[in-house]
Each structure stands twice: as C-alpha cells, then as structure tokens.
Amino acid sequence: MSEITITKPDDWHLHFRDGDLLNETVPATARCFQRAIVMPNLVPPVRNRAEALAYKQRILAAAPTDSNFEPLMVLYLTNETTANDIRQAAGIDIPAAKLYPAGATTNSDAAVSGIESLYPIFETMSEAGMLLLIHGEVTDPKTDIFDRERLFIDQYLAPIHMRFPELKIVFEHITTADAADFVLSATATLAATITPQHLLLNRNDLLVGGIKPHNYCLPILKRNTHQQRLREVVASGSPKFFLGTDSAPHAKHTKETACGCAGCYSAWGALELYTQVFDDLNCLDKLEGFASFYGADFYSLARNTEQLTLTRKPWTMPQEIPLANGDSVVPFFAVKR
Ligand code: NCD
Ligand code: ZN
C-alpha cells in the first residue's frame, strides 16, 4: 500500500507555549491536525475562562489563514481553583482541566500539593461535564522515577475514578503496561493518550551509548516490555487509547546541557511517526480510529469530516528549526540514534 486516506486527525495533548514561539508551533500542528487540546502549563498558568480565551486568540492569530484549525483550551488546576472558575469555563471551547501533581514536570510549580483537596472541584467538573486530564505520576522525591506512574494508579487515579464514576478522565501520555491494563480494566469514563515517543522508544534509546537528551521527556521512557504493551493496545484497536503527541518544544541549548529540560518537540513528524508504528505492527487499518475517531468520541465532540492522505515515501526530518529569537529547536526523531 503506498497511500492511505483517513479522516483528518486531532492531537489530544500538546504544548504550544506562548509569544513568538506560537508562530512556529501552531502552523507545525495545523499542518495535519484539525483540533488540538492545548496544555495550560504557561508561566503563569492558564487558570480561568478569561485567560484561556485570551490564549486561544493568540493561538488563532498564529494559525495559517487557510487552516480552520481549532484549539481546544484547558484550565490548569491549582490550590486556588474555585467551583466558579470551573462553572464559568466549562463548555465547548474549554472542554477540560488539567491536574499536574506539584513538581511532576515542566512548569508544574503552581500545581496542587494535596490532590484530595481538589475533590470538591472534581465534583463540580463532573456536574459540568468537564473532562479531567491527569499527569499521572507521584512526585515524592524518594520514589524511583521509573515507578512513579505505576504508583500513581493505586494511590490517586483509582480512588478518583471510583469516587467520581461519571467524571471523564484522560490518563495522559501513559508509558507503562500497568497504566494500559488499568485503563482497559476501568469503566468507559477512563481513557488514555499515547505519544509517538512511548510507542517508538524505550529507555535504552535514552541511555545506551550515551545520554540522548532529545529523547528525554516525562513521564520518562520505560523498559521495552512496557513499550511492547503500549504497541499491543494500540494495535488492538481499543477505543480507550487515542492520539496525544505531547509535543513540547524546548530550545536546543536547554536540552543539550548538564541539566536538560524534559519534552520532545514532535509536531513536525508526529502523524508520520505514528503511521510508521501502525505500519510496523501491520495494523494500518487501526490508525484512523486512534488518530481521528476515539478522542473526539471520548470528548463527545463531532468527528472531523475533512480527509487527509498519507503517502509512503522517504522523508528526512529537518535537523534543527530556527526560532525568531535566535534560538533553535531540534525536532523529535531528527537526531540520528
Ligand atoms: C512537557 C513540557 O515540556 O511542557 N514535558 C514533557 O516532558 N512531556 C510537560 C509534560 O507534559 O509533562
Ligand atoms: Zn504534556
């Protein structure tokens, strides 16, 4: 097969950043995605309807005029978030709010310290039909980084899901067999996104033969048995798993340094890389569900109607993308491994 045509996909988890960087990140995503769930971890974070809609306007101003790209906005839950913030925000252009455990990842200092203190907020979200998006890692500094996602499931995720059975929860960017199996065993109100890096790579790709900073993201790449399980569940065609790139640009010099930032900027090739994975797994027939249907269905949004054609041909990722401020970004998978 040299070509496949699918319904235009959406990206259910990414980071656009702000300011001049939007002129790079928004067109890169609008190239092949119709909608995107835009993560709110700016500094300061996106905390209420007014901030979300102002950010949305800045994103739209950077979108190519012919793209009809639609950003879907997300609130960042903090210890100051009120039920009113949720009620005012909930609706079609702000379908979700994001829970970052404090200190879990890039720009999560503003996040919640006691997750249980947010239970009244989860109640309001459940009533308002707003989705809860979760970065699922425990943050106790003594906990081994490779165990953080697995431990989050029993300590936080399972109790939240049990207490709020109607609340739709997306377990974001899952990386372990434990997470995949938990999602499969849970009721229909729990689903997960999976990134290209966690399908393509395992921790050897981060650490063997020298540290590869451009493969460093959070949650961190796990051992190959976990990668294998993630590949199995997407190949199974289960509607509980859908596309979320977690595309997250960091300037080259902030990744190639003694204490490098976490995040892979995959927007330039994410759809092609996912397609490669499905092709390698001999299940290209499952790509459209994962990329274009299951996310929209879970969010109770209409599926896209436009089509997109992918053609099999050699293709080289640019090694580096210059930014307006003189910095550059290295796209995910550009560096020879
Ligand atoms: C993301 C970022 O850079 O904002 N980094 C990452 O490693 N994935 C934050 C996140 O999604 O955890
Ligand atoms: Zn992310």
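Nothing fancy with the numbering, it's 1 onward along the sequence. Every number for a ligand or one of its atoms is a count from 1 in the order of the listing. Predicted, not measured: the structure shown is a model, and the values here were computed from it.
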Asker: In this structure, would Ile194 and Val277 fall into the same cluster of hydrophobic residues linked by side-chain contacts under 4.5 Å?
Answerer: yes

Asker: Please indicate whether Glu127 has more than 12 foreign heavy atoms, meaning atoms of other residues, nucleotides or ligands, lying under 6.0 Å from its CD.
Answerer: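 Atom CD in Glu127 is packed in, count exceeds 12.
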
Asker: Which residue, Asn304, Asp10, Asn68, forms the side chain to side chain donor-acceptor pair (under 3.5 Å) with Gln34?
Answerer: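 Of the listed options, the one satisfying the test is Asn68.
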
Asker: So, is His250 polar-close to ligand 1, with some N/O to N/O distance under 3.5 Å?
Answerer: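 For ligand 1, there is an N or O atom that lies under 3.5 Å from one belonging to His250.
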
Asker: Would you say that more than 12 heavy atoms from the other residues, nucleotides or ligands in this model lie under 6.0 Å from the CZ of Arg223, or not?
Answerer: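 It does not: Arg223 CZ has 12 such atoms or fewer within range.
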
Asker: Which ligand 1 atoms does Cys217 reach within 4.0 Å, using its non-hydrogen atoms?
Answerer: 7 (O)

Asker: Among all protein non-hydrogen atoms, which one is nearest to atom 8 (N) of ligand 1, and what is the separation to 0.1 Å?
Answerer: Asp246 OD2, 2.7 Å

Asker: Measure centre to centre between the rings of His198 and His226, then say whether the value is under 6.0 Å.
Answerer: no

Asker: At what distance is the nearest protein heavy atom to atom 7 (O) of ligand 1, and which residue and atom is it?
Answerer: Leu218 N, 2.7 Å

Asker: Checking only N/O/S atoms, does His15 have one that is under 2.8 Å from the Zn ion (ligand 2)?
Answerer: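 Checking His15: at least one N, O or S atom is under 2.8 Å.
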
Asker: Checking ring-ring contact (aromatic ring centres under 6.0 Å, His included) between Phe290 and each of Tyr274, Phe242, Trp12, which is the one that passes?
Answerer: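 Between Phe290 and the candidates, ring-ring contact (aromatic ring centres under 6.0 Å, His included) is satisfied uniquely by Tyr274.
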
Asker: Flag Tyr100 as yes when one of its N or O atoms lies below 3.5 Å from any N or O atom of ligand 1, and as no otherwise.
Answerer: no

Asker: Decide whether Gln228 and Asn224 meet the rule of one side-chain donor and one side-chain acceptor closer than 3.5 Å.
Answerer: no

Asker: How far does CD1 of Ile134 sit from OH of Tyr156, to the nearest 0.5 angstrom?
Answerer: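 Interatomic distance, Ile134 CD1 to Tyr156 OH, rounded to 0.5 Å: 11.5 Å.
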
Asker: Numbering the atoms of ligand 1 from 1, which are under 4.0 Å from a heavy atom of Ala248?
Answerer: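 The list of qualifying atoms is 1 (C), 2 (C), 3 (O).
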
Asker: So, His13 and the Zn ion (ligand 2): N/O/S under 2.8 Å, yes or no?
Answerer: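 It does; at least one qualifying atom falls short of 2.8 Å.
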
Asker: Checking Thr187 against His161 for the side-chain hydrogen bond (donor to acceptor under 3.5 Å, both in side chains) test, could you report, in this order, the C-alpha distance in whole Å, the side-chain angles of both residues, the deciding distance, and whether it holds?
Answerer: CA-CA 9 Å; Thr187 65; His161 181 48; 3.2 Å; yes

Asker: Does a donor on one side chain and an acceptor on the other come within less than 3.5 Å for Glu172 and His13?
Answerer: yes

Asker: Consider ligand 1: state whether an atom of it lies below 4.0 angstrom from any non-hydrogen atom of Gln197.
Answerer: no

Asker: Which of the listed options, His13, Arg17, Lys98, holds the heavy atom that is closest to atom 2 (C) of ligand 1?
Answerer: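 The nearest heavy atom belongs to Arg17.
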
Asker: Looking at ligand 1, is there an atom of it that comes within less than 4.0 Å of some heavy atom belonging to His173?
Answerer: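 The answer is yes, since His173 has a heavy atom less than 4.0 Å from ligand 1.
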
Asker: What is the closest protein heavy atom to atom 1 (C) of ligand 1, and at what distance does it sit?
Answerer: His15 NE2, 3.7 Å

Asker: Please could you name the atoms of ligand 1 that Gly263 approaches to less than 4.0 Å, counting only its heavy atoms?
Answerer: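 Going through ligand 1 atom by atom, the ones under 4.0 Å from Gly263 are 5 (N), 6 (C), 7 (O).
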
Asker: Any heavy atom of Met39 sitting closer than 4.0 Å to ligand 1?
Answerer: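 No; Met39 lies far enough from ligand 1 that no heavy-atom distance drops under 4.0 Å.
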
Asker: What's the shortest distance from atom 10 (C) of ligand 1 to any protein heavy atom, and which residue and atom give it?
Answerer: Thr105 OG1, 3.4 Å

Asker: Given the rule in the ring pair (Phe, Tyr, Trp, His ring centres under 6.0 Å) test, do Tyr119 and Phe164 qualify, once you have shown the distances and angles that lead to the verdict?
Answerer: CA-CA 9 Å; Tyr119 274 25; Phe164 303 100; 5.3 Å; yes

Asker: Using only N, O or S atoms, tell me which atom of Asp246 is closest to the Zn ion (ligand 2).
Answerer: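 The closest N, O or S atom of Asp246 to the Zn ion (ligand 2) is OD1.
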
Asker: For atom 5 (N) of ligand 1, which candidate among Cys264, Cys261, Pro219, Ala262 provides the closest heavy atom?
Answerer: Ala262

Asker: Could you list the atoms of ligand 1 found under 4.0 angstrom from a heavy atom of His135?
Answerer: 12 (O)

